[in-house]
Amino acid sequence: MDAMIEVGGLNELEPEPTTAQINQILLAMGQRDKTIAERKVKFDEEVAFAQLLLAEAKKNFNLDTEDARNERNFLSAQLESYYAKHPPTNGRKFLKFAGGQFGYNDGQTKYFFNDAEAKDSPEFLTFVQEHYPEFIKLKPCVDWSAFKKKLAVDGETVSYADTGEIVAGLRAQRTFSAKPISLSGR
């Protein structure tokens with residue numbers, strides 16, 4: 001039986017591939033799989049090396065800037081102490097000087113739980129779940145494995161098996177898969 005193939009807008013008959021041709025196709029696919037696997041190994045090695053470089057760069061950055069951060073924190077503490085002794089007047093929140101201004105900005109209050117910022121802390125999430133569950137957000141999601149068991153498929157049409165109702169907008173499409181023999185032993 002001949003397969004129909006559309007080429008350049010014209011239908012041409014092309015004979016079905018022979019057993020030898022199918023074997024060649026599967027071998028070629030297997031070779032491509034081997035090439036992809038080899039490239040994946042190289043990719044993983046390059047990523048691991050890049051991660052080592054990144055970790056070293058972070059360590060060097062932290063070492064190089066530790067003194068500067070400590071000095072900045074000391075200077076900031078001096079300004080906070082001055083602010084506490086000489087609060088601004090006339091409803092202002094900042095003290096202004098020729099070199100700049102400093103004060104407390106209400107919109108930048110940060111909250112900490114233990115030593116971590118609260119919004120990023122798994123411990124804080126657990127605490128709020130236990131004591132204030134009304135503030136926990138739940139992201140709705142479909143239980144796909146259970147829902148899929150209740151579906152009936154006819155071509156691309158999908159219906160709910162219990163009622164026969166067509167699930168609007170949902171379609172099924174069979175996926176094609178070819179599994180050539182593994183070339184790793186060669």
Side-chain angles (χ1 to χ4, degrees), residues 32-33 35-153 156-163 165-173 175 177:
R32 297 316 179 275
D33 290 346
T35 301
I36 291 167
E38 289 169 351
R39 183 62 186 117
K40 173 75 169 99
V41 168
K42 186 174 181 185
F43 169 80
D44 289 342
E45 290 171 355
E46 290 173 353
V47 167
F49 180 70
Q51 288 173 337
L52 286 173
L53 289 176
L54 180 62
E56 187 67 24
K58 284 181 181 179
K59 184 178 105 183
N60 289 339
F61 172 79
N62 288 335
L63 290 173
D64 293 345
T65 59
E66 185 176 5
D67 288 341
R69 282 192 308 264
N70 289 339
E71 289 173 13
R72 188 184 191 294
N73 289 340
F74 173 75
L75 296 171
S76 180
Q78 285 183 318
L79 291 177
E80 279 188 81
S81 175
Y82 182 89
Y83 187 91
K85 294 176 186 170
H86 306 90
T89 57
N90 298 335
R92 291 190 229 154
K93 294 182 181 183
F94 290 89
L95 294 175
K96 295 184 180 185
F97 291 86
Q101 63 183 13
F102 60 92
Y104 290 105
N105 184 349
D106 293 337
Q108 294 182 349
T109 301
K110 290 186 178 183
Y111 298 90
F112 293 87
F113 188 76
N114 297 327
D115 289 330
E117 195 167 347
K119 70 177 186 169
D120 299 326
S121 169
E123 294 85 13
F124 183 64
L125 174 63
T126 303
F127 174 80
V128 174
Q129 283 175 328
E130 291 174 6
H131 296 92
Y132 306 101
E134 67 272 18
F135 296 106
I136 299 298
K137 292 181 180 180
L138 297 177
K139 181 181 175 185
C141 64
V142 175
D143 182 357
W144 185 243
S145 60
F147 185 61
K148 192 167 50 169
K149 292 175 185 174
K150 294 287 191 172
L151 298 177
V153 177
E156 286 190 356
T157 306
V158 180
S159 61
Y160 189 69
D162 292 351
T163 63
E165 175 186 8
I166 292 177
V167 182
L170 186 64
R171 66 182 176 82
Q173 180 177 337
T175 56
S177 172

Which heavy atom of [X] sits nearest a heavy atom of [Y], and at what distance?
X	Y	result
Y83	K93	OH-O, 2.8 Å
A172	V153	CB-CG1, 3.6 Å
S121	F113	OG-CD2, 4.0 Å
G103	F94	N-CD2, 3.4 Å

Atom pair [atom1]/[atom2] of [X] and [Y] - distance to nearest 0.5 Å:
X	Y	atom1	atom2	result
R39	T35	CZ	OG1	11.5 Å
T126	I136	OG1	CD1	8.5 Å
F49	L54	CZ	CG	12.0 Å
I166	R171	CD1	CZ	15.0 Å

Hey, what's the ring geometry for F147 with W144, parallel, tilted or perpendicular (30° and 60° as the breaks)?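 Tilted.
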
Any salt bridge (Lys or Arg N to Asp or Glu O under 4.0 Å) involving residues 130-139? Give me the pairs, sequence neighbours left out, ordered by first then second residue.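 Sorted result for residues 130-139: empty, none.
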
What pairs meet the side-chain hydrogen bond (donor to acceptor under 3.5 Å, both in side chains) rule with one or both residues in residues 42-62, with sequence neighbours excluded?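 Of all non-adjacent pairs touching residues 42-62, those that pass side-chain hydrogen bond (donor to acceptor under 3.5 Å, both in side chains) are K40-D44.
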
Residues forming a side-chain contact (heavy atoms from CB on, under 4.5 Å) with F97, sequence neighbours excluded: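 Listed in chain order: Y82, L95, F102.
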
